[in-house]
Chemist: 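Got a structure here, written out as structure tokens. Questions coming.
Basis for what follows: all heavy atoms, side chains included, without hydrogens, waters or symmetry-related copies.
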Amino acid sequence: MRRLALVCAAILAATPVLVAAARLAYPPAPRGTVTDTYFGTVVADPYRWLEDVDSPQTTAWVQAEGALTRSYLDAIPQRPAIKTAYHTLLDYERLSAPFRAGPRWFYFHNSGLQNQSVLYVRDGEDGPARVFLDPNTLAADGTVALAGQAFSRDGRYVAYATQSSGSDWQTWHVRDVATDRDLADEIKWSKFSDASWIGDDGFYYSGYDAPTAANATLSALGVQKLWFHRLGTPQSADRLVYASTAHPDEFVAAETTEDERYVFLETAKGDGNSLAWRRRDEPEGTYHALFPLDPNVTYNVIGDDGNRLYLQTNAAAPRWRLAWLDVTDPTHALHDIAPQGSDKLEGVSLIGDHFYLGYLHDAHSVVRVVDLQGRDAGAIDLPGIGSGGLPQGKREDRVAYYTFTSFTFPTTVYRYDTVSGTSTLSVRPKVAFDSSRFVTEQLFATSKDGARVPVFVIHRRDMPLDGSTPTILYGYGGFDISITPDFSSSVALWLQMGGAYAEATLRGGGEYGEDWHHAGWRGNKQHVFDDFIAAAQLLIDRKITSTPKLAINGGSNGGLLVGACLVQRPDLFGAAIPEVGVLDMLRYQRFTVGKAWIPEYGDATESADAFHWLYAYSPDHNVRPGTHYPPTLVMTSDHDDRVYPAHSFKFAAALQYAQGSDAPILLRVESKAGHGAGRPTDKIIDEVADRYAFLVKNLNFTPTL
């Protein structure tokens with residue numbers, strides 16, 4: 001104990017400052033002797049002690065790292081102007097697409113700098129609006145956010161979930177819509193869950209047994225369970241519907257069709273789910289199996305007409321299709337309505353007697369319309385290359401709304417008449433950003449194995465092609481998630497500062513369907529990094545930018561991307577910012593929800609093959625002493641209960657130890673924040689100011705502010 005106290009005291013006493021030679025004095029980080037053996041290979045883990053994120057030693061080290069980072073960033077003269085400019089750019093009115101619940105219409109509104117968007121209600125589509133639910137009143141510091149809401153079919157009640165300090169834990173509440181008052185019902189320890197109502201009786205939700213105080217946010221989760229909560233009863237009386245005890249790595253959920261004719265029980269793992277059904281009037285235990293769980297096959301219920309069930313699925317269709325089946329058919333045969341096409345079917349909505357099909361064509365949206373038999377019924381014309389355009393509404397609605405956005409096109413709301421098939425502008429935000437000065441191009445890089453990799457590039461119309469433009473290259477590349485064009489105030493600020501912004505469409509994502517996803521997962525993960533490196537080389541070859549002016553950025557799985565590319569090609573980049581990254585690929589599954597990622601990454605303890613491919617690219621295990629790494633800002637949050645913050649702690653410590661040049665390696669740890677959702681506005685503004693100040697200094701340019 002005395003030795004630990006002395007180490008902690010030494011760390012706290014050695015609060016680092018910038019020195020004249022510009023080489024940073026990093027906080028002491030003792031290298032331990034811990035090793036693990038994987039299939040005959042001994043692997044050192046010198047910073048294992050940082051996995052105990054609440055220990056006095058780790059806490060002291062993180063505080064000292066924070067002091068170093070603040071002294072560095074606060075000394076950059078342009079930071080105050082960047083912060084002021086972002087404050088101005090972020091201060092504009094934002095609205096969501098309205099949606100109907102019972103006789104009322106709802107929408108989210110943010111006046112500009114509110115910490116959280118406010119839910120408003122209208123009596124009828126055009127009635128006067130009033131505040132219905134304001135999450136800003138739930139915490140003085142803005143750290144309590146709305147995590148989801150579900151209305152009962154008649155619109156009488158809404159179940160809404162809150163989350164605190166960015167945690168994934170949800171607490172469900174119930175509000176009477178007519179009176180705007182909460183009932184006494186409160187459900188805790190829900191996570192990764194929606195609410196599915198049965199009439200006004202109550203709703204299904206997913207969650208976990210109450211954790212102990214020691215592991216409430218940081219330890220690996222137990223078994224997810226499905227409960228039914230009846231209104232007016234305590235949570236202790238909730239009925240347990242299902243628990244996948246034999247398969248603790250599975251998730252479980254229930255959902256109903258819009259008409260509540262059917263209740264579905266689903267288990268999920270990886271990118272797939274099982275599907276079983278019962279009629280609402282059947283007993284709870286009488287679910288009829290339709291499809292077993294396959295981690296690679298998904299069935300999304302769209303709606304029903306009697307015995308006919310409509311499904312969006314990638315079964316035998318890696319780019320997805322829309323199909324129907326008869327629930328009384330024992331063969332469960334799927335019949336195509338919209339067969340798989342050349343573009344990826346990203347989303348489907350059913351309004352009236354038409355399906356609205358949202359496709360991705362080279363990672364941007366296209367919306368087509370078909371009738372119930374799949375016959376062509378037109379399309380929705382969108383303003384350009386961007387994302388959105390898919391109307392959302394109830395089956396009986398005549399009017400529905402949708403949004404559209406792109407890199408230089410702020411999220412705009414449109415009203416759609418389902419009978420005439422016409423769209424009209426509803427709300428266009430007024431942003432202090434002149435989009436006419438900028439242009440969006442889609443270029444194509446060639447990856448190491450010859451794969452074609454799309455790259456969106458946004459820049460000034462008069463940008464010189466001489467390699468002088470500071471550029472951020474962003475990517476994700478994983479979990480079948482599609483990264484498509486959207487408007488970001490922070491990107492707009494970077495463009496105003498004189499930079500260019502590039503977004504690479506990487507394998508591992510969902511932009512081209514399951515084949516594209518599988519080409520970048522598990523043993524194919526290196527393809528994702530090769531794609532990103534190829535995108536960077538394209539930007540350099542086209543003289544859009546050059547190595548000293550090129551920064552790479554990504555978060556979560558994208559933080560892994562940046563970390564891996566940083567250690568593989570440190571010579572290619574001028575700066576790197578990995579955020580909340582999965583960086584220790586040998587131990588990620590031991591913490592929080594990490595075990596759910598095993599289908600995507602593999603598990604180093606389960607097979608020699610998985611160990612070898614994970615060890616080959618794991619950022620934490622491929623940092624090499626004496627290497628000249630580019631300036632790097634590692635970012636995480638102290639309450640991130642999705643990607644354990646120790647990933648970033650260990651990676652930052654390893655880079656600081658190994659750094660063979662004077663380029664800074666900094667660790668920024670946000671307090672009372674999680675994986676990214678629900679952060680207060682002041683934290684967002686400070687984070688952007690820090691990120692861009694770091695790049696201004698290390699890409700060596702003077703921003704136009």
Side-chain angles (χ1 to χ4, degrees), residues 148 150 152-153 159 190-199 201-208 221-230 238-317 320-337 347-348 350 395 480 514 595-596 599:
S152 59
R153 184 185 178 196
S190 177
K191 189 177 262 197
F192 313 122
S193 177
D194 294 323
S196 297
W197 285 86
I198 296 292
D201 295 338
F203 55 88
Y204 294 96
Y205 69 94
S206 304
Y208 297 84
L221 292 172
V223 177
Q224 192 181 49
K225 300 180 179 181
L226 177 68
W227 283 278
F228 182 81
H229 174 74
R230 187 171 298 278
D238 290 354
R239 183 175 76 247
L240 178 64
V241 176
Y242 184 83
S244 188
T245 306
H247 303 282
D249 56 345
E250 294 178 1
F251 296 94
V252 59
E255 64 174 311
T256 60
T257 48
E258 183 182 303
D259 58 14
E260 295 187 0
R261 178 182 283 116
Y262 296 104
V263 181
F264 297 95
L265 176 66
E266 304 172 12
T267 59
K269 180 179 179 179
D271 298 305
N273 65 279
S274 67
L275 194 64
W277 65 276
R278 69 173 177 88
R279 298 186 193 275
R280 176 179 170 178
D281 56 2
E282 291 183 288
E284 184 69 68
T286 57
Y287 286 96
H288 312 284
L290 280 176
F291 303 106
L293 176 59
D294 181 330
N296 300 317
V297 180
T298 300
Y299 303 93
N300 295 329
V301 178
I302 304 301
D304 70 287
D305 278 317
N307 290 336
R308 179 172 288 202
L309 189 66
Y310 301 117
L311 300 169
Q312 179 192 359
T313 181
N314 62 346
W320 297 72
R321 57 177 170 147
L322 175 65
W324 67 270
L325 62 78
D326 187 328
V327 295
T328 65
D329 176 5
T331 70
H332 309 149
L334 290 168
H335 308 273
D336 279 342
I337 298 170
V348 179
L350 173 58
R395 184 79 184 266
D480 198 30
E514 276 301 306
K595 65 184 180 183

Chemist: Check Leu350 against Gly303 and note the closest heavy-atom contact, atom names and distance.
Modeler: CD2-CA, 4.3 Å
Chemist: Indicate yes or no for a side-chain donor-acceptor contact from Thr286 to the backbone of Pro283 under 3.5 Å, with no hydrogens or angles considered.
Modeler: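 The answer is yes, because a donor-acceptor pair under 3.5 Å joins these two groups.
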Chemist: Return the set of residues passing side-chain contact (heavy atoms from CB on, under 4.5 Å) with Glu258 (not counting sequence neighbours), or none when no residue passes.
Modeler: Lys394, Arg395, Glu396
Chemist: Find out whether Asp305 and Tyr310 are in side-chain contact, i.e. whether some heavy atom of one side chain is under 4.5 Å from a heavy atom of the other.
Modeler: yes
Chemist: Are Asp259 and Arg261 within salt-bridge range, i.e. N to O under 4.0 Å?
Modeler: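 Looking at Asp259 and Arg261, the cut-off is met.
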Chemist: Heavy-atom distance under 4.5 Å between the side chains of Leu311 and Leu325, does that happen here?
Modeler: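 Yes - at least one pair of side-chain heavy atoms lies under 4.5 Å apart.
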Chemist: Show which side-chain atoms of residues 290-302 pair as donor or acceptor with protein atoms under 3.5 Å away, not counting sequence neighbours.
Modeler:
residue: Asp294; atom: OD1; partner: Asn296; partner atom: N; Å: 2.9
residue: Thr298; atom: OG1; partner: Asp271; partner atom: O; Å: 2.2

Chemist: Could you check whether any side-chain heavy atom of Arg321 comes within less than 4.5 Å of a side-chain heavy atom of Gln312, counting everything from C-beta outward?
Modeler: no
Chemist: Do Phe264 and Trp277 have ring centres separated by under 6.0 Å?
Modeler: no
Chemist: Hydrogens and angles aside, do Arg278 and Tyr262 bring a side-chain donor and acceptor to less than 3.5 Å of each other?
Modeler: no
Chemist: Verify whether one side chain among Tyr205 and Asp238 offers a donor that lies under 3.5 Å from an acceptor in the other.
Modeler: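 Side-chain D/A pair, Tyr205 to Asp238: present.
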Chemist: Taking the side chain as every heavy atom from C-beta outward, state whether Ile198 and Arg153 have any pair of such atoms under 4.5 Å apart.
Modeler: no
Chemist: Return yes if some donor-acceptor pair links the side-chain N/O of Ser152 with the main-chain N/O of Gly199 below 3.5 Å, else return no.
Modeler: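 Answer holds: no.
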Chemist: Side chains of Asp326 and Arg308, heavy atoms from C-beta outward: is any pair under 4.5 Å?
Modeler: no
Chemist: How far apart are the closest heavy atoms of Ser206 and Ala253, and which atoms are they?
Modeler: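 Distance-wise, the nearest heavy atoms are OG-CA, 3.8 Å.
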Chemist: May I ask you to decide whether Lys269 forms a salt bridge with Asp249, counting only side-chain N to carboxylate O separations under 4.0 Å?
Modeler: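 Yes, charged N to carboxylate O under 4.0 Å.
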Chemist: Would Arg280 and Glu260 count as a salt bridge (charged side-chain N to carboxylate O under 4.0 Å, His left out) if you check the C-alpha gap in whole Å, the side-chain angles of each, and the deciding distance to 0.1 Å?
Modeler: CA-CA 7 Å; Arg280 176 179 170 178; Glu260 295 187 0; 2.9 Å; yes
Chemist: Would you say the side chains of Ser244 and Thr267 form a donor-acceptor pair under 3.5 Å?
Modeler: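 Absent: no donor and acceptor within the cut-off.
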